[in-house]
Q: 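Structure incoming, see below.
In this chain, numbering begins with 1 at the start of the sequence shown. Owing to the predicted nature of the structure, the values given are computational and were not obtained by experimental measurement.
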Amino acid sequence: MNTNKKPLWLILAPVAFTILWAGGYGIAKVGLQYAEPMTLLSMRFSTVVILLFPFFLIFRPALPKHPKEWGHLVIVGVLVQAVYFGFCWWAFRSGVSAGVLAIFMSLQPILVAILAPKLAQEKVSWLRWLGLLLGLTGVFIVIIARSDIEPPTLIGVSFSVMGLLGITSGVLYEKRFGGGHHPIVANMVQYAAGFAVVAPIALIFETMEVTWTMEFFAALAYLAIGNSILAISLLLAMIRAGEVSRVSSLMFLVPPLAALFGWVLLGEEMPLFAWVGMAVAAIGVLIVSKNKTV
């Protein structure tokens, strides 16, 4: 009897997560046509907490037992929700396309591979390094290919890098200090923490005006349910079930899908040579995800 056989949900989780996560880039840009970044994030986070609260009352999941556990959940929430999404959405407002921002975020495995041995107590083999370097090469090809269409701005690049540091720090912190809390509890605490950070920023620095359209409601629904509840729950579950560097390598699969969403929803162009770069990155993720040896 094979006791190491993966459950079906863990086999399907990477595909579902990748599609849901990639779709969030283009759909976030759609939503940002009708509301400012921190205002939309505040609405997204509060919607998630409101939607999850009835399930909390029904299932009564166990709460963290110690203040330190609450603190870990709050820190992950601030890093992943406020820092990552906040800077990414500011990058969108600075003119960065969905595909290009996804390319920046696909650099995350490089940082994770460098930091994981010390912070996440994992080892990364030389084959994984090869896969990560191929992914990095693909990233630069895409950036160069799009430079004639959309030259990157300094502020857009800066916001993208800050978002990258936020998601990388959040993934590593979750791997090191995550306590395996119930997804309902983890999501409610983390999105509440994100709301506590972004709502005051929206109140102070933004007009908080919203243009109420069906497109805006559809975007908010996707961001709250598909991107926030389902995708984040899958990500945290995969992190707890496997190695952090393998989970993070899924980010290399997000850019081509994000570029497709950006083209369909927003008409954002992706030159032919850029798709070559994405193919190189895809080869890199296959190497990273398949190899387990040290």
Q: How are the rings of Phe85 and Trp89 set relative to one another: parallel (under 30°), tilted (30 to 60°) or perpendicular (over 60°)?
A: perpendicular
Q: Rounded to the nearest 0.5 Å, what separates atom CD1 in Ile27 from atom OH in Tyr222?
A: 4.5 Å
Q: CD of Glu206 to OG of Ser42: how many Å apart, nearest 0.5 Å?
A: 7.5 Å
Q: For a quick test of your reading: what N or O donor-acceptor pairs under 3.5 Å do the side chains of residues 264-283 make, sequence neighbours left out?
A:
residue : atom : partner : partner atom : Å
Glu268  : OE1  : Ala98   : N            : 3.0
Glu268  : OE2  : Lys29   : NZ           : 2.9
Trp275  : NE1  : Met270  : O            : 3.3

Q: Are side-chain heavy atoms of Tyr84 and Leu164 found at a separation under 4.5 Å?
A: no
Q: Can you check whether Val254 reaches Tyr25 side chain to side chain, under 4.5 Å on heavy atoms?
A: yes
Q: Side chains of Pro200 and Met38: closer than 4.5 Å at any heavy-atom pair?
A: no
Q: Does any part of the side chain of Leu101, heavy atoms only, come nearer than 4.5 Å to the side chain of Cys88, both counted from C-beta?
A: yes
Q: I'd like a table of donor-acceptor pairs (distance under 3.5 Å, sequence neighbours excluded) in which one partner is a side-chain atom from residues 65-82, with atom names and distances.
A:
residue : atom : partner : partner atom : Å
Glu69   : OE1  : Lys65   : N            : 2.8
Trp70   : NE1  : Pro64   : O            : 3.2
His72   : ND1  : Tyr173  : OH           : 2.7

Q: Compare every heavy atom of Gly194 with every heavy atom of Phe45, then report the nearest pair and how far apart it is.
A: CD1-C, 3.5 Å
Q: Under 3.5 Å, sequence neighbours excluded: what are the donor-acceptor pairs made by side chains of residues 184-192?
A:
residue : atom : partner : partner atom : Å
Asn187  : ND2  : Pro183  : O            : 3.1
Asn187  : ND2  : Ser233  : OG           : 2.8
Tyr191  : OH   : Ser228  : O            : 2.8

Q: If you compare all heavy atoms of Ala224 against all heavy atoms of Thr47, which two are closest, and at what distance to 0.1 Å?
A: CB-CG2, 3.8 Å
Q: Is there a side-chain contact between Thr207 and Glu36, using heavy atoms and a 4.5 Å cut-off?
A: yes
Q: Between Arg44 (side chain) and Leu220 (backbone), is there a donor-acceptor pair under 3.5 Å?
A: no
Q: Show your working on side-chain contact (heavy atoms from CB on, under 4.5 Å) between Trp21 and Leu234 and close with a plain yes or no.
A: CA-CA 10 Å; Trp21 196 259; Leu234 286 172; over 6 Å; no
Q: Count the heavy atoms belonging to other residues, nucleotides or ligands that lie under 6.0 Å from CZ of Phe177, then report whether that count exceeds 12.
A: yes
Q: When rounded to the nearest 0.5 angstrom, what is the spacing between CG in Leu52 and CZ in Phe59?
A: 11.0 Å
Q: Which pair of heavy atoms, one from Phe56 and one from Leu63, lies closest together, and at what distance?
A: CE1-CD2, 3.7 Å
Q: Roughly how far, to the nearest 0.5 Å, is the CD1 atom of Ile19 from the CG atom of Leu257?
A: 6.5 Å
Q: Going only through I, L, V, M, F, W and Y residues with side-chain contacts under 4.5 Å, is there a path from Val210 to Met208?
A: no
Q: Please round to the nearest 0.5 Å and tell me the distance separating atom CD1 of Ile229 and atom CG of Leu20.
A: 11.5 Å
Q: Would Val161 end up clustered with Ile103 when hydrophobic side chains under 4.5 Å apart are linked, directly or stepwise?
A: yes
Q: Side-chain contact test, heavy atoms from C-beta onward, threshold under 4.5 Å: evaluate it for Thr211 versus Phe216 and give yes or no.
A: no
Q: Would you say Ile50 and Ile225 are hydrophobically clustered, going by side-chain heavy atoms of ILVMFWY under 4.5 Å?
A: no
Q: With rounding to the nearest 0.5 angstrom, report the CH2 to CG distance, Trp263 to Leu260.
A: 7.5 Å
Q: Nearest heavy-atom pair of Pro37 and Leu32: which atoms, and what distance?
A: CA-CD2, 3.5 Å
Q: Same cluster or not: Ile155 versus Ile201, using hydrophobic residues (I, L, V, M, F, W, Y) connected whenever any side-chain heavy atoms lie under 4.5 Å apart?
A: yes
Q: Ignoring hydrogens and geometry, is there a side-chain-to-backbone donor-acceptor pair from Asn227 to Gly23 under 3.5 Å?
A: no
Q: For residues Val49 and Leu57: do they belong to one hydrophobic cluster (side chain heavy atoms under 4.5 Å, members Ile, Leu, Val, Met, Phe, Trp, Tyr)?
A: yes
Q: One pair to check against side-chain contact (heavy atoms from CB on, under 4.5 Å): Ile141 and Thr137. What are the steps and the verdict?
A: CA-CA 6 Å; Ile141 291 174; Thr137 301; 4.2 Å; yes
Q: In the structure I gave you, are the side-chain heavy atoms of Val48 and Phe53 within less than 4.5 Å of one another anywhere?
A: no
Q: With distance as the sole test, does Ser46 use its side chain to make a donor-acceptor pair with the main-chain N or O of Met43 at under 3.5 Å?
A: yes
Q: Flag the pair Trp90 / Phe205 as yes when their ring centroid distance falls below 6.0 Å, and as no otherwise.
A: no
Q: Within the structure provided, determine whether Ser160 and Phe87 are in side-chain contact (heavy-atom separation under 4.5 Å).
A: no
